[in-house]
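Before I ask anything, let me first share the structure, which is written out below as structure tokens.
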Amino acid sequence: NPWMLLALLGVAIPVIIEIIFRRRRREVDLPTIRFLLKNPEEQKIKRQDRLLLILRCCVPALVALAVARPQLTPDLLGGARKRHAAILIDSTLSMGQQACVSTAFLLAKKEAANLVRSLPPGSLVSVITLGRDARMELARSADLYAAGEFFEGLKITHGAAPFADALKLLDEFTKADENANAGESLEVYCFSDFQKSTWLRKGVQGDDPAKHLREVSQRTDVYLVDVGGTRQFNYFVTELAPAEPQLVAGMTTSFRASVEARGLPSGSEGIARITFLVNGEKKDAKDLELKAGAATVSFPYRFPEAGEYLVEVAVEGDALRLDNHRYYLAGVPGSYKVLILEA
């Protein structure tokens with residue numbers, strides 16, 4: 001805040017006060033006045049006054065500098081290097097988990113965009129995304145505004161490639177960047193929820209994620225930014241199907257829904273709320289105990305007339321909502337034609 005440096009004028013305030021209220025020397029007509037002029041106590045008081053005046057001037061100067069917040073950049077120190085931020089952002093399905101009032105993916109996009117906008121002019125930005133696969137989205141882009149807006153258009157993917165693939169791509173990129181651009185300062189930022197199933201799996205070609213991460217960290221600074229939530233369990237629907245192979249209007253049938261739980265806290269009851277919907281309308285709801293890790297529940301329903309119906313089950317109670325739904329498109333005829341052959 002350079003305008004706050006105007007507060008340095010406050011240094012003059014103690015000096016002005018000192019001038020106004022300075023002790024005035026009085027004239028004393030005594031034959032021994034020469035002894036008064038050489039009084040050591042008076043000299044000591046003058047030194048103390050000077051020290052106090054310096055301290056009073058330092059206080060407003062320090063306050064002004066604290067408010068102005070001066071920053072020493074490499075340009076001022078004579079060792080300027082162009083900054084290059086390589087951002088690896090996780091867009092796998094698990095990033096859809098609830099984190100505070102938002103999701104982990106939205107938080108990652110916001111933090112990555114703020115990082116890009118805070119870079120000084122002339123910096124470079126590279127972006128790698130990991131969803132169904134690892135992709136290099138931006139390579140050495142100098143347009144910081146466009147790079148910041150790029151994160152707004154990112155969407156979460158319904159897939160989860162191993163993080164080793166992204167780290168391998170990052171390893172190859174940083175190695176090539178180091179050899180070709182020695183005058184740049186490369187920084188790597190990884191935004192993820194750090195799920196074990198994503199980070200610990202080996203790559204498609206057997207690549208070790210720890211090996212690639214270690215090699216990248218030896219070349220440059222690596223910052224791991226955790227944007228995941230605090231909840232450690234997940235409910236997900238694995239099956240939704242009718243018990244009868246044929247559906248007919250006016251006949252009651254049962255829909256079987258299977259739900260599983262992963263990472264339940266020790267001692268947790270694991271009670272999940274299962275809702276049954278038809279064409280978006282709630283028809284029934286049940287509480288299901290998932291302490292054993294999996295359970296199945298049935299919902300009876302009678303279709304009033306022939307047609308197509310969208311049947312849905314939804315489970316509630318966890319932070320990851322993207323896998324809490326399952327759908328079944330039911331084609332319900334009014335009747336069936338049956339051919340009976342008599343032998």
Side-chain angles (χ1 to χ4, degrees), residues 1-87 99-102 106-125 142-145 147-149 151 183-191 217 220-230:
N1 303 307
W3 288 105
M4 292 299 177
L5 291 177
L6 293 175
L8 289 175
L9 297 176
V11 176
I13 296 177
V15 179
I16 296 173
I17 294 176
E18 179 68 20
I19 294 175
I20 294 175
F21 296 98
R22 177 185 296 173
R23 293 187 182 92
R24 303 298 179 182
R25 183 176 297 176
R26 296 181 299 171
E27 294 184 2
V28 181
D29 297 332
L30 292 173
T32 57
I33 191 172
R34 63 181 180 275
F35 298 106
L36 295 175
L37 295 176
K38 296 181 181 180
N39 187 356
E41 292 296 330
E42 186 177 352
Q43 298 298 325
K44 182 179 179 180
I45 292 174
K46 289 182 179 180
R47 288 195 297 269
Q48 292 177 348
D49 289 344
R50 293 192 188 99
L51 290 175
L52 289 174
L53 179 60
I54 294 173
L55 291 176
R56 293 189 185 103
C57 293
C58 289
V59 170
L62 293 175
V63 171
L65 290 176
V67 175
R69 299 172 64 187
Q71 182 179 8
L72 293 178
T73 62
D75 297 335
L76 298 177
L77 300 177
R81 300 180 66 189
K82 182 182 293 185
R83 291 182 63 182
H84 181 188
I87 299 175
C100 298
V101 297
S102 182
L106 291 178
L107 183 59
K109 293 200 303 180
K110 178 181 177 182
E111 295 293 335
N114 290 339
L115 170 65
V116 171
R117 295 188 181 104
S118 67
L119 293 174
S123 301
L124 301 177
V125 177
D143 191 342
L144 298 183
Y145 178 80
E149 293 298 316
F151 294 103
E184 295 178 358
S185 175
L186 180 63
E187 308 160 6
V188 175
Y189 299 85
C190 297
F191 294 89
S217 62
T220 182
D221 294 332
V222 179
Y223 302 93
L224 304 179
V225 185
D226 187 1
V227 295
T230 57

Item checked: Any residue meeting salt bridge (charged side-chain N to carboxylate O under 4.0 Å, His left out) with Glu111, in chain and number order, not counting sequence neighbours -> none

Check: With Ile87, which of Val225, Val116, Val188 fulfils side-chain contact (heavy atoms from CB on, under 4.5 Å)?
Finding: Val116

Next item on the list: Over all heavy atoms of both residues, which pair between Pro120 and Leu144 is shortest? Give the atoms and the distance, please.
Entry: O-CD1, 3.6 Å

Item checked: Partners passing side-chain contact (heavy atoms from CB on, under 4.5 Å) against Ala108 (at least two apart in sequence or in another chain) -> Ile89, Met95, Phe191, Val227

Next item on the list: Would you name the heavy atoms of Lys109 and Phe151 that are closest together and state the gap between them?
Entry: CD-O, 2.9 Å

Next item on the list: Please name the pair of heavy atoms, one in Val222 and one in Ser217, separated by the smallest distance, quoted to 0.1 Å.
Entry: CG2-CA, 3.7 Å

Margin query: Would you compute the distance between atom OH of Tyr223 and atom CG of Leu115 and round it to the nearest 0.5 angstrom?
Written below: 10.0 Å

Next item on the list: To the nearest 0.5 angstrom, please state how far the NZ atom of Lys82 sits from the OG atom of Ser185.
Entry: 12.5 Å

Item checked: Interatomic spacing from OG1 in Thr220 to CD in Glu187 - rounded to 0.5 Å -> 7.0 Å

Next item on the list: Work out which heavy atom in Ala113 is nearest to a heavy atom in Gly148; give both atom names and the distance.
Entry: CB-O, 3.8 Å

